[in-house]
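Here is the structure we will look at.
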Amino acid sequence: ALSPWPTGTEGKMPSKGSAGCADGSGTIYATKGNNKSGFWKYDASANAWTQKKDVPLGLSNKRVKGGTGLAWGYKASVGSPYLLKGYKNEFYKYMVVGDSWVTLTPAPVGVNLKWDKGSWLTYDSSNHKLYAFKAKYMEFYSYNTGTDSWSAALASMPIPGSAGSKKAKDGSAGTCVWPNPGESIPGLPAVYAFKGGNTREWWMYSISSNSWTEKETIPTGSAKKKVKSGGSVTTVLLPHGDMPGTPAEVPALKGNKTNELWVYGVIPPPDFVTGNAPNRDGVAAEKRLMDEPFLTLVPNPLSGRFATLRYSLPGTGLAMVRVYDVTGRPVLPAALIAGRTGTAQLDLRSLSAGVYLLQVEGTGFTTVRKLVVER
């Protein structure tokens with residue numbers, strides 16, 4: 001447990017309207033919400049909180065209580081927290097040096113002035129734009145931090161989805177995923193988002209094509225609950241070549257009075273791929289070098305104790321088999337396989353129900369398959 005958030009001058013703990021963003025160097029900025037104007041800084045190296053200048057009351061004369069979005073963005077290489085205050089369309093930038101707020105061009109009014117609970121804000125580092133989603137009204141816009149200007153309405157998240165015809169509500173949350181610096185990855189940058197509103201819907205917005213695609217729904221999990229109030233996502237860029245994993249992963253909280261933490265893997269970098277990049281949703285992962293290894297695991301999903309690995313590898317010699325959970329933690333002792341082709345029986349009876357990554361690594365190649373265990 002880290003240092004708890006103090007009650008501060010507002011005398012309240014965080015609640016509706018609380019939102020946070022990180023500067024990438026160990027500092028988090030956050031609104032307290034709960035119908036208060038409290039704004040705070042958390043220093044990870046010191047494990048300490050500091051109260052900063054309150055969020056302005058603004059033209060609405062309202063405190064922060066819902067519909068809030070907070071994202072770290074840049075203008076001329078200067079980073080700042082950008083705040084979509086919520087309730088109405090007030091928009092601000094917090095100046096780290098000077099502890100002050102700057103009023104920016106208000107967010108678009110659209111069909112209704114109100115930015116309701118479930119609205120969110122995220123930053124695209126590769127294009128230097130913020131993306132703002134207006135829950136309930138399903139409106140979507142971009143904001144240019146350099147020119148302080150909003151775009152016309154972008155394509156809206158579809159109302160029809162796997163849960164039926166549902167609008168985004170409380171629990172909706174979004175994050176932008178971009179390539180590591182110096183990399184070019186097909187499909188990125190893109191925005192990934194929960195629809196919330198007691199659904200499991202998970203959507204991707206393609207910035208290049210201005211279109212939305214529903215992706216793999218978040219699992220029901222042990223609590224058997226969907227995404228509601230408290231749903232949250234962020235982006236983690238992993239080191240180039242890290243394994244298992246991808247250059248970008250999205251940790252996600254369902255909210256809805258659960259403590260479940262999930263991780264969604266995105267796309268592997270192109271230099272790991274022979275030919276076209278594979279479509280890879282959820283925790284399914286494939287990292288490939290040189291010739292394409294052939295790998296199957298049967299049965300999969302697995303309900304029994306043992307599985308058979310059938311393989312055809314690019315070269316001869318030993319290869320190492322490892323099994324990881326979705327956090328990247330190894331859960332079984334490593335095993336060796338020999339020869340260019342063959343089969344191996346894996347003892348998986350110690351694994352509980354869930355989704356895992358099975359990695360086979362040898363000289364000049366690494367490949368990964370998704371393993372689903374059902375008990």
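Just the heavy atoms: all of them, side chains too, but no hydrogens, waters or symmetry mates, feed the values below.
How far CG of Leu113 is from CG of Asn89: 4.5 Å, rounded to the nearest 0.5 Å. For the atom pair CG (Leu346) and CG (Leu297), the distance works out to 6.5 Å, reported to the nearest 0.5 Å. Rounding to the nearest 0.5 Å gives a distance of 10.0 Å between CD of Gln359 and CE of Met320. Separation of atoms CG (Asn127) and CD1 (Ile207) is listed at 6.0 Å; rounding is to 0.5 Å. The line from CE of Met138 to NZ of Lys169 is 10.5 Å long, rounded to the nearest 0.5 Å. The OG1 atom of Thr235 sits 9.5 Å away from the OH atom of Tyr192 when rounded to the nearest 0.5 Å.
Annotation: Trp40 is not in aromatic contact with Tyr29 [ring centroid separation under 6.0 Å not met]. With ring centers used as reference points, Tyr141 lies 6.0 Å or more from Phe133. Checked against the 6.0 Å centroid threshold, Tyr131 and Trp120 do not count as a close aromatic pair. Aromatic pair Tyr92/Tyr82: ring centres not closer than 6.0 Å.
For Lys254, the salt bridge (Lys or Arg N to Asp or Glu O under 4.0 Å) criterion is met by Glu260, not counting sequence neighbours. Asp347 is linked by a salt bridge (Lys or Arg N to Asp or Glu O under 4.0 Å) to Arg349, counting only residues two or more places apart in sequence or in another chain.
If you run side chain to side chain contact (heavy atoms under 4.5 Å, CB included) between Thr68 and each of Leu121, Leu84, Val55, Leu83, only Leu83 comes through.
Using a distance-only test at 3.5 Å, with no hydrogens or angles considered, no donor-acceptor pair links the side chain of Ser37 to the main chain of Asp54. For Asn34 (side chain) and Met13 (main-chain N/O), a donor-acceptor pair under 3.5 Å exists by modelled atom type. Listed for the Asp23 side chain is a donor-acceptor partner under 3.5 Å among the backbone atoms of Thr27. Between the side chain of Thr31 and the main chain of Gly17, a donor-acceptor pair closer than 3.5 Å is present. Side-chain atoms of Ser229 never come within 3.5 Å of backbone atoms of Asn256 as a donor-acceptor pair (strictly under, hydrogens ignored). With hydrogens and angles disregarded, no donor-acceptor distance shorter than 3.5 Å links the side chain of Arg200 to the backbone of Lys226.
Contact annotation: the side chain of Tyr143 approaches that of Leu104 to within less than 4.5 Å [non-hydrogen atoms, C-beta and beyond]. Looking at heavy atoms from C-beta onward, Leu130 lies out of side-chain contact with Ser142 at the 4.5 angstrom threshold.
Atom NZ of Lys93 has more than 12 heavy atoms from other residues, nucleotides or ligands within 6.0 Å. Within a 6.0 Å radius of NZ in Lys53, other residues, nucleotides and ligands contribute 12 heavy atoms or fewer. For Lys16, the NZ atom sits in a loose shell: 12 or fewer heavy atoms of surrounding residues, nucleotides or ligands are nearer than 6.0 Å. Environment of CG in Leu59: sparse, with no more than 12 heavy atoms of neighbouring residues, nucleotides or ligands closer than 6.0 Å.
For Asp325 and Tyr356, the side-chain atoms include no donor-acceptor pair closer than 3.5 Å. Residues Thr105 and Asp148 bring a donor and an acceptor atom of their side chains to less than 3.5 Å of each other. For the residue pair Asp116 and Tyr87, no side-chain donor N or O sits within less than 3.5 Å of a side-chain acceptor on the partner. Side-chain contact annotation: Gln51 with Thr9, donor-acceptor N/O pair under 3.5 Å present. Judged purely by distance below 3.5 Å, without hydrogens or angles, the side chains of Arg310 and Thr308 never pair a donor atom with an acceptor atom.
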Run the side-chain contact (heavy atoms from CB on, under 4.5 Å) check on Lys62 and Lys88 step by step: do they pass? CA-CA 9 Å; Lys62 297 289 185 181; Lys88 292 192 176 179; over 6 Å; no

Run the side chain to side chain donor-acceptor pair (under 3.5 Å) check on Glu214 and Ser162 step by step: do they pass? CA-CA 8 Å; Glu214 187 173 7; Ser162 58; 2.6 Å; yes

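In the hydrophobic clustering of this structure, Trp5 does not group with Val64; members are Ile, Leu, Val, Met, Phe, Trp, Tyr whose side-chain heavy atoms approach within less than 4.5 Å, directly or through other members. When the side chains of ILVMFWY residues are joined at heavy-atom separations under 4.5 Å, either directly or via intervening members, Ile159 and Trp202 end up in two distinct hydrophobic clusters.
Between Lys117 and Asp170 there is no salt bridge, since none of the side-chain N atoms of the basic residue sits less than 4.0 Å from a carboxylate O of the acidic one. Under the 4.0 Å criterion applied to side-chain N and carboxylate O atoms, Glu201 and Lys166 are not assigned as salt-bridge partners.
Trp203 and Trp212 have perpendicular rings, their planes meeting at more than 60° on a 0 to 90° scale where under 30° would count as parallel.
Met95 and Val102 make their closest contact through CG-CG2, 3.6 Å (heavy atoms, listed as atom of the first residue, atom of the second, distance). Of all non-hydrogen atoms in Val373 and Leu351, the two that sit nearest each other are CG1-O, 4.0 Å.
Legend: salt bridge (Lys or Arg N to Asp or Glu O under 4.0 Å) pairs involving residues 2-11, not counting sequence neighbours, sorted by first then second residue: Glu10-Lys32.
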